[in-house]
Amino acid sequence: MEGLDETLTAVDAFDRTLVAGLLRLRPDRVGDLTGLARAVAGTPLAARVAEAAEKAAAGAAGEDDFVALAAARTALFGAVHDALTAGVDEVTGRTRTERAPAAPAERPTVNLQAAARTWLSDLARTGWQGIDHDLVGGAAPIVSALLPHPELRRLATLLDGFAAELAASCPGAVLERIPARRWCDLWARALLLTRPGAAEPTGVGTATGRLLPLGVDLHEHATAAQAQVHAVFEPADGTAPRLVRAGVSVPKPDTVVEAGVWQLLRPHLSLLAAVGEGRAMELDAMPLTDEGDLIWDDARARGGDPADALTTARVLLPTATALPTAPLDRHPVRIAEPVFLEGYASEQEGDTLTFTVAGHALPVDTDRIPTASPLTPEAVAASGACIGLLRWDGGGFRLQPLAVETTVRKKAVALHAGAWAGGTTDKAGVRAEKAATDAVTVLRERAGRLLRK
């Protein structure tokens with residue numbers, strides 16, 4: 001893709017400057033800053049970013065200069081996101097709704113946002129190699145002050161997680177490897193969120209019609225879990241079907257793993273049961289954001305008729321319209337486009353599985369398959385049809401399988417990553433469910449004793 005490598009090179013060069021910090025920039029790193037300015041030379045950011053880069057090179061950058069540099073970096077990733085998404089739309093024939101430009105609204109500056117901006121600017125001056133517990137610990141009182149304000153909670157959550165990750169890596173001087181792109185992503189996002197009006201409330205409408213699940217994307221962390229259901233929504237008014245998502249996140253103990261994660265998620269999202277049973281859901285005025293996220297309310301949903309995900313993918317996915325991405329979310333790491341493939345050739349080389357589709361090799365990310373499901377890398381390799389999420393990772397597209405059609409004992413069967421989301425009668429699943437139930441029961445008893453004390 002023309003310009004892609006040059007854009008990512010400019011971003012990587014800027015990220016290198018934050019490794020050692022911008023307070024005393026080495027002479028051989030000045031070109032990395034000017035490269036960022038050159039990359040946005042043809043945009044409305046040009047003059048402001050050039051000025052900020054010049055001040056940063058002299059060690060005299062202020063908070064507004066850091067915001068300008070973060071905006072330039074974010075704009076470049078937004079351009080990469082848009083180019084990659086346009087390429088996906090061209091290959092799949094998908095139509096994407098355009099986002100209407102919002103008029104900028106004046107927002108009063110909040111002292112708490114200014115405090116967060118000061119801390120983030122100190123990080124940029126110090127650099128990742130210079131972080132220590134005193135510097136990182138400065139985020140704690142800011143987060144505590146931000147959390148009571150709902151409009152600032154997004155910034156507070158980001159700062160809290162970012163500071164915790166930095167604290168676990170202190171001191172920076174002894175780190176063998178620094179995740180520069182990740183930390184710069186978090187730094188730039190947080191810095192932009194400190195600007196009044198940067199994250200305008202998402203527009204919310206309503207959805208009435210039939211929801212047809214495609215698959216579940218499960219994310220697990222030691223202390224949290226999230227399930228995101230990708231689906232096709234058929235409006236009751238007969239307009240074109242749309243791609244939508246519905247998600248739920250819960251905290252969890254690090255001892256709850258595999259099938260136990262489903263047990264924590266189920267009570268908060270009835271849609272998971274419908275996914276496990278292979279059913280559609282009928283929605284009645286369910287809140288739906290402009291970006292295609294359903295704000296789930298069980299009172300506005302009821303179980304529908306059986307609906308096979310693979311049939312939905314074959315029939316409706318090619319005609320489904322994709323909704324736009326919010327400005328601050330335009331980053332290649334956020335790309336997760338539902339696609340349906342069949343008639344491909346599979347090739348296994350070591351741990352790498354590749355599907356060859358229309359003469360093009362597409363790596364398959366089998367590491368993203370949840371362990372708490374009947375879907376396995378072996379089943380994916382032997383499949384003849386696949387529903388997956390097309391992601392951008394490590395400089396290329398990869399496919400995350402959500403469901404496959406394969407042959408077992410000469411019979412075609414469908415295997416889903418979210419098949420156990422609503423419960424299971426599968427022997428392996430039942431054993432995993434029992435083990436998870438026992439672990440959760442013990443933890444609840446212990447928690448009850450502590451609360452009684």
Side-chain angles (χ1 to χ4, degrees), residues 1-90 98-104 117 120-121 123-125 127-128 180-199 324-335 392 395-396:
M1 186 172 291
E2 185 179 356
L4 178 62
D5 290 340
E6 292 84 353
T7 302
L8 295 177
T9 297
V11 170
D12 289 339
F14 172 74
D15 291 353
R16 286 195 297 269
T17 67
L18 289 189
V19 173
L22 293 173
L23 185 60
R24 298 179 185 87
L25 191 65
R26 288 165 33 190
D28 60 333
R29 290 286 178 243
V30 172
D32 293 338
L33 279 176
T34 56
L36 181 72
R38 284 196 303 270
V40 296
T43 74
L45 292 171
R48 185 66 190 90
V49 175
E51 179 187 357
E54 183 178 348
K55 289 183 178 179
E63 293 179 7
D64 288 342
D65 298 311
F66 291 129
V67 172
L69 294 173
R73 185 184 185 279
T74 302
L76 290 178
F77 268 134
V80 172
H81 170 278
D82 290 354
L84 293 173
T85 303
V88 172
D89 291 345
E90 182 179 354
E98 294 293 332
R99 184 184 182 90
R117 194 157 53 248
L120 291 163
S121 298
L123 281 181
R125 294 187 182 99
W128 311 129
R181 177 170 290 186
R182 173 176 172 78
W183 285 357
C184 290
D185 279 345
L186 297 174
W187 173 82
R189 169 66 66 89
L191 202 50
L192 292 182
L193 287 177
T194 67
R195 298 298 301 171
T325 303
L328 283 185
D329 293 337
R330 291 165 55 243
H331 191 293
V333 77
R334 294 291 300 268
I335 294 175
W392 177 262

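We count residues from 1, following the sequence as given. Because the structure is predicted, anything quoted here is derived from the model rather than measured.
- In plain terms, the two heavy atoms of Leu191 and Ala70 that are nearest each other are CD2-CB, 3.9 Å.
- Here CG of Leu76 is found 10.5 Å from NE2 of His331. Values are rounded to the nearest 0.5 Å.
- Atoms CZ and CG, on Arg29 and Leu33 in that order, are 10.5 Å from each other to the nearest 0.5 Å.
- Contact record, Ala72 with Val49: CB-CG2, 3.7 Å, taken as the closest heavy-atom pair.
- Every residue two or more places apart in sequence or in another chain that forms a side-chain contact (heavy atoms from CB on, under 4.5 Å) with Leu8 is listed here: Leu4, Phe77, Val80, Arg181.
- Of all non-hydrogen atoms in Arg38 and Gly31, the two that sit nearest each other are NH2-O, 4.5 Å.
- Remark: Thr7 OG1 to Asp12 CG distance equals 11.0 Å, nearest 0.5 Å.
- When side chains are defined from C-beta on, Arg334 does not count as touching Thr325, because their heavy atoms never get closer than 4.5 Å.
- By the side-chain contact (heavy atoms from CB on, under 4.5 Å) test, Ala52 pairs with Arg48, Asp65, Ala68, Leu69, sequence neighbours left out.
- Across Ala46 and Ala41, no two heavy atoms sit closer than the pair CB-O, 3.2 Å.
- Residues Arg189 and Asp329 have side chains in contact (heavy-atom distance under 4.5 Å, counting atoms from C-beta outward).
- Residues passing the side-chain hydrogen bond (donor to acceptor under 3.5 Å, both in side chains) test with Glu6: none are found, sequence neighbours excluded.
- Contacts classified as side chain to side chain donor-acceptor pair (under 3.5 Å) and involving residues 17-27 (residues at least two apart or in different chains) are given here: Arg26-Asp28.
- Taking the side chain as every heavy atom from C-beta outward, Asp32 and Leu25 never approach each other to under 4.5 Å.
- Here Leu123 contributes atom CG and Leu22 contributes atom CG; the two are 11.5 Å apart, rounded to the nearest 0.5 Å.
- Pairs of residues two or more places apart, or lying in two chains, that qualify as side chain to side chain donor-acceptor pair (under 3.5 Å) and include a residue from residues 66-76 are Asp15-Arg73, Arg73-Asp185.
- Heavy-atom minimum distance, Ala10 versus Ala39: CB-CB, 4.0 Å.
- Taking Trp392 as the reference, nothing meets the side-chain hydrogen bond (donor to acceptor under 3.5 Å, both in side chains) condition, with sequence neighbours excluded.
- Here Glu63 pairs with Arg117, Thr118, Ser121 under the side-chain contact (heavy atoms from CB on, under 4.5 Å) rule; sequence neighbours left out.
- The shortest non-hydrogen separation linking Ala57 to Val30 is CB-CG1, 4.0 Å.
- Under the rule for a side-chain contact (heavy atoms from CB on, under 4.5 Å), the partners of Asp89 that lie at least two apart in sequence or sit in another chain are Thr85, Arg94, Arg96.
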Checklist line | Step-by-step side-chain contact (heavy atoms from CB on, under 4.5 Å) determination, Arg195 to Asp64 | finding: CA-CA 10 Å; Arg195 298 298 301 171; Asp64 288 342; 3.9 Å; yes
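- Applying the ring-ring contact (aromatic ring centres under 6.0 Å, His included) definition to pairs two or more places apart or across chains, none involves residues 12-68.
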